[in-house]
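Comments concern the structure below.
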Amino acid sequence: MTPHKDYGLDPRPSAPTPLLPLSPLLSDALQVCHPHAAGIDIGEAEHWVAVPPGRDPQPVRRFGTFTADLDALADWLIECGVTTVAMESTGVYWIPLFELLETRGLEVLLIDPRQAKRAPGRPKTDRLDCKWLQRLHAYGLLAAAFRPAEQVCVLRSSLRHRQMLLTYGAHHIQHMHKALQQMHLKLSQVVSDLTSVTGMAILHAIIAGERAPLTLAKLRNPHCQHSEEEIAKALQGTWRAEHLFALQQAVELYHFYHQQLTVCDQHIQAHLGTFADKSDGQPLPPKPRRHKKVNEPRFDARTPLYRLAGVDLTTIEGIEEGTALVILSEIGTDMSRWPSVKHFCSWLGLAPQHQISGGKVLSRRVRPGAQRVTVALRLAARTVHQAHTALGAFYRRMRSRLGAPKAITATAHKLARLVYSLLKHGSAYVQQGTEAYESQYRERTIKALARQARAFGYTLMALSTPEVPSLDVVAVPTP
């Protein structure tokens with residue numbers, strides 16, 4: 001609608017709206033926070049380095065990736081007066097240079113590559129990338145990625161190598177299953193696991209040359225759920241030579257990786273003994289014995305982890321020795337790296353990310369990712385669904401409302417808050433039973449109903465006596 005057609009509008013021009021003074025934070029130019037900053041673009045065969053203009057006639061240089069080249073790079077940075085360096089986390093190529101620059105006394109920031117890609121339309125070359133990193137770091141626009149202490153990094157590297165051995169061993173279990181299927185042997189249908197006592201005994205006998213189904217079925221463990229007749233029926237196949245050879249190779253490779261896993265566990269156990277004792281001589285409280293799983297560490301990890309952290313993370317429901325080992329190897333024990341528990345949960349990707357536009361909530365999903373601590377907490381959250389504790393009751397309530405996937409995320413979020421509080425404050429964790437949790441939930445529900453009733457002009461009154469807990473209430477109008 002044009003202004004001259006609007007009835008009642010004043011045809012006289014209105015006075016110009018006075019301009020508000022600009023905020024000093026917006027009017028001033030960006031301030032240089034790190035005048036002695038450098039940026040490095042990491043590559044497999046070469047590194048491009050940019051220093052502040054005026055420090056060298058050639059402020060951008062290219063260096064190789066051999067040890068002598070890295071030493072020359074560090075010497076040049078020190079000659080240019082650089083005190084802090086920013087580099088992207090490109091594969092594993094940044095690790096040797098990162099460690100070298102730290103030993104030379106430089107402050108090194110390892111950043112997420114997504115931080116340097118927030119300005120679209122910029123030309124993409126290695127020379128320009130290092131200059132862009134130097135400029136962003138000089139203005140203080142880059143945030144360093146989390147990296148634990150050196151001693152924890154060694155433990156983390158060993159744990160990740162252990163997980164790689166488990167993954168490689170699992171691949172050969174699939175090869176065993178494939179070879180058996182090609183020979184039409186249905187062993188996987190009569191045993192719960194090919195690597196179980198019954199399964200491995202039968203596989204070793206097949207490799208040794210035994211072909212009689214009844215003889216193989218007699219190797220059944222007494223605890224196996226299927227009878228000898230069922231196992232013998234499943235072991236009638238073709239016994240082709242090429243598939244038998246593949247089966248033999250798969251079984252031998254599986255045993256080889258698990259032998260290496262035992263050596264790796266011994267190395268991890270020895271390194272755990274090098275950490276300082278933070279338990280103050282307090283004895284470790286006993287814990288009920290349970291049957292260990294196949295892929296768990298081959299040593300008692302609970303005692304050295306208690307000395308390392310000063311608290312026992314395995315007292316939290318769902319967190320066993322393997323989970324506690326992963327958590328402490330990834331984040332360490334210094335919780336001051338995160339200002340609050342909310343920052344910690346957000347870093348793990350367990351806190352919802354609110355995306356709001358025009359006053360409307362578009363999404364509350366958590367950040368996608370496969371952070372190792374997050375995966376371990378999610379697996380721990382899945383184990384509390386039958387626990388008679390507050391966490392178990394919380395998981396079952398969330399599952400009934402939101403479904404299993406979101407209930408796992410919500411429970412993992414609670415576990416992350418418990419881990420942070422335990423490592424931050426060092427207090428002992430006390431499990432809360434289901435009855436106490438249900439009682440608290442009942443009180444919160446009644447208070448919420450009472451607030452809603454007062455908002456509509458009603459008063460909530462209990463029908464039963466206070467001694468008998470009940471949710472039977474009646475709402476009567478407020479006079």
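Reckoned from all heavy atoms, side chains included, excluding hydrogens, waters and symmetry mates.
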Taking every heavy atom of Ala450 against every heavy atom of Leu460, the minimum-distance pair comes out as N-CD2, 3.7 Å
| Would you find a donor on one side and an acceptor on the other, under 3.5 Å apart, between the side chain of Thr333 and the backbone of Ala309? | no
So do the side chains of Leu110 and Phe98 get within less than 4.5 Å of each other, counting heavy atoms only? yes
What do you reckon, is CZ of Arg240 surrounded by more than 12 foreign heavy atoms closer than 6.0 Å? no
Checklist entry - Counting distance only, does the side-chain N/O of Ser400 pair as donor-acceptor with the main-chain N or O of Arg397 below 3.5 Å? => result yes
Practice task
Kindly indicate, with the supporting measurements, whether the criterion side-chain contact (heavy atoms from CB on, under 4.5 Å) is fulfilled by Ile206 and Trp239.
Solution key: CA-CA 9 Å; Ile206 292 174; Trp239 309 106; 3.7 Å; yes
When rounded to the nearest 0.5 Å, the distance separating CE of Met335 from OH of Tyr420 is 7.5 Å
| message | Are Gln266 and Thr262 packed together at the side-chain level, in the sense that at least one heavy-atom pair is separated by less than 4.5 angstrom? | response | yes
Rounding to 0.5 Å, atoms CZ (Arg454) and CD (Gln452) come to a distance of 10.5 Å
By side-chain contact (heavy atoms from CB on, under 4.5 Å), Glu443 pairs with (sequence neighbours left out) Ser439
Where the side chain of Thr65 meets the backbone of Glu44, is there a donor-acceptor pair that is under 3.5 Å apart? yes
For Lys186, I'd like to know if atom NZ has over 12 heavy atoms of other residues, nucleotides or ligands within 6.0 Å. yes
Quiz item: What do you reckon, is CD of Glu242 surrounded by more than 12 foreign heavy atoms closer than 6.0 Å?
Solution: yes
So for atom OH, which belongs to Tyr168, do other residues, nucleotides or ligands contribute more than 12 heavy atoms lying within a distance under 6.0 Å?
no
Problem set entry | Polar side-chain atom of Arg396 near backbone of His385 as donor-acceptor pair, under 3.5 Å | yes
Ignoring hydrogens and geometry, is there a side-chain-to-backbone donor-acceptor pair from Ser421 to Arg417 under 3.5 Å? no
Short question: side chain of Gln151, backbone of Thr274 - any donor-acceptor pair under 3.5 Å? yes
- Message: For a 4.5 angstrom cut-off between non-hydrogen side-chain atoms, does Tyr395 reach Arg399?
- Response: yes
Next on the checklist: Do His175 and His172 pair up side chain to side chain, a donor and an acceptor below 3.5 Å, judged on atom types alone?
Outcome noted: yes
Checking side-chain contact (heavy atoms from CB on, under 4.5 Å) for the pair Leu313/Leu423: CA distance, chi angles, key distance, verdict? CA-CA 9 Å; Leu313 292 181; Leu423 294 176; 4.2 Å; yes
Checklist entry - Taking the side chain from Thr198 and the backbone from Asn221, do they hold a donor-acceptor pair closer than 3.5 Å? => result yes
**Prompt:** So do the side chains of Leu194 and Leu187 get within less than 4.5 Å of each other, counting heavy atoms only?
**Reply:** yes
Fill in: Whether over 12 other heavy atoms sit under 6.0 Å from Arg367 CZ
yes
* **Test: Arg160 and Glu330 ion pair at under 4.0 Å** => yes
One should read off an interatomic distance between Gln282 CD and Asp277 CG, to the nearest 0.5 angstrom, of 10.5 Å
Rounding to 0.5 Å, atoms CG (Leu214) and CG (Leu235) come to a distance of 9.5 Å
May I have the step-by-step check of side-chain contact (heavy atoms from CB on, under 4.5 Å) for Leu180 and Ser188, ending in yes or no?
CA-CA 9 Å; Leu180 291 172; Ser188 59; 6.0 Å; no
Rounded to the nearest 0.5 Å, the OG1 atom of Thr374 sits from the NE2 atom of His413 at a distance of 11.0 Å
Quiz prompt | Trace of the side-chain contact (heavy atoms from CB on, under 4.5 Å) decision for Leu305 with Leu325 | solution = CA-CA 7 Å; Leu305 290 178; Leu325 193 58; 3.6 Å; yes
Taking the side chain as C-beta and beyond, is there a heavy-atom pair between Glu102 and Glu107 under 4.5 Å?
-> no
Other residues, nucleotides, ligands: >12 heavy atoms within 6.0 Å of Arg302 CZ:
yes
Here the pair of heavy atoms bringing Val251 nearest to Met176 is CA-CE, 3.8 Å
task = Answer yes or no: is there a side-chain heavy-atom contact under 4.5 Å between Pro297 and Ile268?
result = no
Closest non-hydrogen atoms of Lys124 and Asp129, given as atom of the first, atom of the second and distance, are NZ-OD2, 2.6 Å
**OP:** List the steps and the verdict of side chain to side chain donor-acceptor pair (under 3.5 Å) for Asp300 and Thr303.
**Re:** CA-CA 7 Å; Asp300 179 22; Thr303 301; 3.2 Å; yes
Query raised in the report: Taking Arg135 for the side chain and Gly39 for the main chain, is one N or O donor matched with an acceptor at less than 3.5 Å?
Result: no
Any side-chain heavy-atom pair of Glu320 and Thr383 under 4.5 Å: no
Would you check if the side chain of Asp265 reaches a backbone N or O of Arg298 as a donor-acceptor pair within less than 3.5 Å?
yes
task = Check the angle between the aromatic planes of Trp347 and Trp338 and answer parallel, tilted or perpendicular using the 30° and 60° thresholds.
result = tilted
What do you reckon, is NE2 of His204 surrounded by more than 12 foreign heavy atoms closer than 6.0 Å?
-> yes
Looking at Arg401 and Ala407, would you say the former's side chain and the latter's main chain have a donor-acceptor pair under 3.5 Å? no
Heavy-atom closest pair (Ser329 atom, Arg156 atom, distance to 0.1 Å) is O-CB, 3.0 Å
Distance col, row Ile231:CD1 vs Arg220:CZ, nearest 0.5 angstrom, shows 6.0 Å
Applying side-chain contact (heavy atoms from CB on, under 4.5 Å) to Leu166 and not counting sequence neighbours gives Arg162, Gln163, Leu261, Asn295
### Query
Can a donor-acceptor pair be found between the side chains of Ser340 and His343 at a distance below 3.5 Å?
yes
Tyr93, OH: over 12 other non-hydrogen atoms inside 6.0 angstrom: no
For Val366 and Gly349, the nearest pair of non-hydrogen atoms, with its separation, is CB-O, 3.4 Å
Smallest heavy-atom separation, Gln236 atom then Pro213 atom, equals CG-CG, 4.0 Å
- Are side-chain heavy atoms of Leu308 and Leu272 found at a separation under 4.5 Å? yes
